[in-house]
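Below: one structure, written as structure tokens.
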There are 2 protein chains.
Amino acid sequence: MKTATVYDVAKRAGVSRGTVDRVIFNRGRVSQKTVEKVREAIRELNYSANPSASALASKQIHCFACLIPQHQKGEYWDVVDEGFKHGLEEITFCNVDLRMYYYDQNDIESYRKMAAEILELRPRGVITNAVFKEAVTEFSYKLKDLAIPMAFIDNKYDDLDFDIYCGVDPYNSGQLGAYLLTVHQKVESVAMIRVVRDSGKHADPNAPRRHGFVDYIADHFPDSAIYTLFIDPSSSESIASSMDRFASAHPEVRHYAVTNSRLFLIANWLKDNYDPERVVVGFDDLEGNLKAMREGLVDFLVTKDIPGQSNYLLTNFVRNVIYSQPPKVKNNYVHMDVLSKMNCNK
Amino acid sequence: MKTATVYDVAKRAGVSRGTVDRVIFNRGRVSQKTVEKVREAIRELNYSANPSASALASKQIHCFACLIPQHQKGEYWDVVDEGFKHGLEEITFCNVDLRMYYYDQNDIESYRKMAAEILELRPRGVITNAVFKEAVTEFSYKLKDLAIPMAFIDNKYDDLDFDIYCGVDPYNSGQLGAYLLTVHQKVESVAMIRVVRDSGKHADPNAPRRHGFVDYIADHFPDSAIYTLFIDPSSSESIASSMDRFASAHPEVRHYAVTNSRLFLIANWLKDNYDPERVVVGFDDLEGNLKAMREGLVDFLVTKDIPGQSNYLLTNFVRNVIYSQPPKVKNNYVHMDVLSKMNCNK
DNA sequence: CATGATTAGGTGCACGCGCACGCATTCACA
DNA sequence: TGTGAATGCGTGCGCGTGCACCTAATCATG
């Protein structure tokens, strides 16, 4: 079965190809009556542009902007970034130019500054994550004024307007971590390791995951103690001493969970203080975390396909925007994956 | 940066576009010297055809054939099939016609018959899985004679010629299943449930997985007994009675593994004879298996992205064949995934 | 050496679309 | 009523390929 072309639509509507083109792209210069005739013909013939021909003919470069946290090599957002790069390659034929912008997770003003730059760029679409409620909300409203669609990656604010989202259900991921930490066991006390942050400024993005974790433990082991332990990522000596202090204060604790993505920070301590009885669970398959797992220091990692997620989001978002179609699924909750020493090699 | 076109290649090689075209598609009618000049120019300019323009210009329909086991709705190969369908949609602009052929897993002659039909069709490429060593080998040789490339899905024969493979490492998956069955526990005896087959005719495709499972148990629990229990998929009453018989003969066994994909066959028995102390592990996220997991009858499922795997294989294979490029990675070992009650909802 | 077949290579067109340009007709306003 | 601007619509070209068709040179053969 042959698909309809602009020419078919034009013939059916009794106009020329140029007019059909103007209607499709809302370029104006068409009378209301004609617009409706053309729309009708498009609907009747179920016309949609041949993507190959579009890409070939259009010399226009579709500019998209992405605003995510700045990061070091190997960190969580670095892997997200890779996924975007990879997705970009998949849609080369769409002539997409993806501009990356990075903000400082501890500085809401840096987010605002980058957001302003993006607004000036007037891209066809924007991807960002949910961090500073206030700043993201402002940004979202301004984008809406300019009719620029927006997508959330990794986490989102449900009350804002966005086209598409891709990420895991963080509360559920916390529950899964707790399940794996305690499966087939009796548990009396659990240590939950957090990273100190300049937390006055913004909501901790890991909070929902932590809540899932805590709720699961409380539900299934109501008599168990949950200790929270803060470590400072900027100093490895301070990490070791924090861990030492905790371990000697609570020698009975065998179950450790790191609810953020940086389990690798305590890998050295786990190695230097190895205890075969200890159970350790972490999140996200960063290279450092995987290394710790291969060394037998970690029992389970809860993760997901991080680059796959950003890849998926980008390619779908771009397609939606370029061909002005609504997303098939707005909220894409990615599948959580469990890694153990037996399946942690890519 | 502009990508090179055929025209650029032609200019560089000092020939015309038509000659470049003949070289790329091996249409002959070009002297050896010129062929090399053109190849050289292609390499230097890192030329690859613009997929949009190719798709637009080519009216040719690329016919591919796929030969996999016949199946019922919801079974393993049904999910594989879905992945192919989905992949086909992603590459609509490539004008691919994928013809599906199905054989009877218990009848090597049915494989031969379908293979013969495919040979007559002369497709651009063939996808199949490794089942009947003899028949697949014959098929592979005949395809090679016709210069038709071949891809393996799910499992493979390493000594045959194929372009690309996609599947899990089955031995490793068996090990992972054993690990999850026994993690954090002392194990004295294990039941391994198999499906009776017309096993004289062909090698059991699940053998490597079973070996991985058995080896892991033997390595980590040398004193543990491993019992093998056969069930007959065609009769649910016989399944129940087999299970009953085994359970009363070996009441001490708490660890059950189903090493094929049909854990769902014993779901009813597990429910009717529920034992909170029992640990159950299975393979593959078929709908029936997931249902059993949601009902709390199964502790872990080892699986992978089944449709994703076939989708990936198809899209890459087609691209390789159409643009006559070698695959980036020939052996694609897909990541194994662990499902528990906490992450078994899509 | 004549003749036809074969080999090596070039050229033109169509694919479906985006977009720049061009040409009428109508409208606003002096 | 004349004139320039705005409106409504049609046409032609080019994007990079694939492929059918054409030409010139070479070769085999009697």
Side-chain angles (χ1 to χ4, degrees), chain A residues 1-39 41-42 45-62 92-96 124 322-324, chain B residues 1-39 41-42 45-63 92-96 124 319 321-325:
Chain A
M1 105 129 200
K2 281 248 316 133
T3 53
T5 71
V6 258
Y7 190 78
D8 299 323
V9 174
K11 206 161 62 182
R12 178 127 194 165
V15 296
S16 76
R17 294 164 25 238
T19 305
V20 174
D21 177 69
R22 275 184 287 270
V23 170
I24 291 174
F25 293 98
N26 295 312
R27 292 194 222 276
R29 311 218 139 210
V30 186
S31 73
Q32 195 52 39
K33 226 168 47 189
T34 313
V35 167
E36 266 146 37
K37 268 196 302 183
V38 173
R39 292 242 168 87
I42 288 177
L45 296 175
N46 192 22
Y47 169 81
S48 83
N50 178 325
S52 301
S54 289
L56 188 61
S58 149
K59 325 182 60 65
Q60 186 192 335
I61 288 166
H62 302 286
T92 41
F93 64 88
C94 290
N95 297 326
V96 172
R124 300 272 327 245
I322 293 185
Y323 304 129
S324 45
Chain B
M1 101 129 203
K2 280 245 321 127
T3 54
T5 72
V6 257
Y7 190 77
D8 299 323
V9 174
K11 206 162 62 181
R12 177 130 196 164
V15 296
S16 77
R17 293 164 26 238
T19 305
V20 175
D21 177 67
R22 275 184 287 270
V23 171
I24 291 174
F25 293 99
N26 295 313
R27 292 194 222 277
R29 313 217 139 212
V30 185
S31 73
Q32 195 53 41
K33 228 170 41 190
T34 312
V35 168
E36 265 146 38
K37 266 196 302 183
V38 172
R39 291 243 169 86
I42 289 177
L45 297 174
N46 192 22
Y47 169 80
S48 84
N50 179 325
S52 302
S54 290
L56 187 61
S58 151
K59 327 180 59 68
Q60 185 192 336
I61 288 166
H62 303 287
C63 185
T92 41
F93 63 89
C94 291
N95 296 325
V96 172
R124 301 269 331 242
R319 260 195 285 264
V321 171
I322 294 185
Y323 304 129
S324 45
Q325 283 166 356

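So you know, we letter chains A, B, ... as the sequences are listed, proteins then strands, and number each from 1. Predicted, not measured: the structure shown is a model, and the values here were computed from it.
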Contacts of Arg29(B) meeting salt bridge (charged side-chain N to carboxylate O under 4.0 Å, His left out) (sequence neighbours excluded), chain-then-number -> none
Nearest heavy-atom approach of Asn26(A) to Arg39(A) is OD1-NH2, 3.5 Å
Only one of Val20(B), Val30(B), Val23(B) passes side chain to side chain contact (heavy atoms under 4.5 Å, CB included) with Val15(B), and that residue is Val20(B)
All heavy atoms of Ser16(B) vs all of Ala10(B), minimum pair found to be C-CB, 3.6 Å
Residues at least two apart in sequence or cross-chain that pass side-chain hydrogen bond (donor to acceptor under 3.5 Å, both in side chains) with Ser54(B), listed by chain then number, are none
The bend of the helix from dC1(C)-dG30(D) to dA30(C)-dT1(D), taken between the axes of its five terminal pairs at each end and rounded to 10°, is 40°
Taken to the nearest 0.5 Å, the spacing of Ile24(A) CD1 from Ile42(A) CD1 works out to 4.5 Å
On a heavy-atom basis, the closest approach of Asp8(B) and Thr3(B) is OD2-O, 4.3 Å
To the nearest angstrom, the CD1-P distance between Ile61(B) and dG18(D) comes to 16 Å
message: Looking at dT11(C), I'd like to know if its phosphate oxygens (OP1 or OP2) sit under 4.0 Å from a side-chain N or O belonging to Tyr7(B).
response: no
Heavy-atom nearest pair, Asn95(B) first then Ser58(B), reads ND2-O, 3.2 Å
Between CD1 of Ile24(A) and P of dC19(C) the distance, given in whole Å, is 11 Å
Asn50(A) atom CG is separated from dT17(D) atom C1', nearest whole Å, by 13 Å
Contacts satisfying salt bridge (Lys or Arg N to Asp or Glu O under 4.0 Å) that involve residues 16-28 of chain B (not counting sequence neighbours) are Asp21(B)-Arg27(B)
From CZ of Arg22(A) across to C1' of dG10(D) the rounded distance in Å is 7 Å
Regarding the side chain of Val6(B), the nearest nucleotide among dC19(D), dG16(C), dT17(D) is dT17(D)
Nearest heavy-atom contact between Thr34(B) and Ser31(B) is OG1-OG, 2.7 Å
Whole-Å distance, Lys33(A) NZ to dG8(D) C1', equals 12 Å
In whole angstroms, the gap separating P of dG8(D) from CG of Asp21(A) amounts to 16 Å
Between Arg124(A) and Ile322(A) the two heavy atoms that sit nearest each other are NH2-CA, 4.1 Å
Write out a two-atom table: protein N or O, nucleotide N or O from nucleotides 5-7 of chain D, distance below 3.5 Å.
none

In numerical order, the residues of residues 8-19 of chain B whose heavy atoms come under 4.0 Å of DNA chain D are Arg17(B)
When rounded to the nearest 0.5 Å, the distance separating CD of Glu36(A) from CD of Gln32(A) is 5.0 Å
Separation of dG14(D) atom C1' from Leu56(B) atom CG, nearest Å, is 12 Å
Distance test, side-chain N/O of Thr34(B) to OP1/OP2 of dG9(C), below 4.0 Å: yes
note: Asn95(A), atom CG; dC15(D), atom P; distance rounded to Å ~ 14 Å
Does Ser54(A) have a side-chain nitrogen or oxygen under 4.0 Å from the phosphate oxygens OP1 or OP2 of dC17(C)? no
**Asked** Is Ser52(B) touching bases, backbone alone, or none of the nucleic acid, heavy atoms closer than 4.0 Å?
**Response** nothing
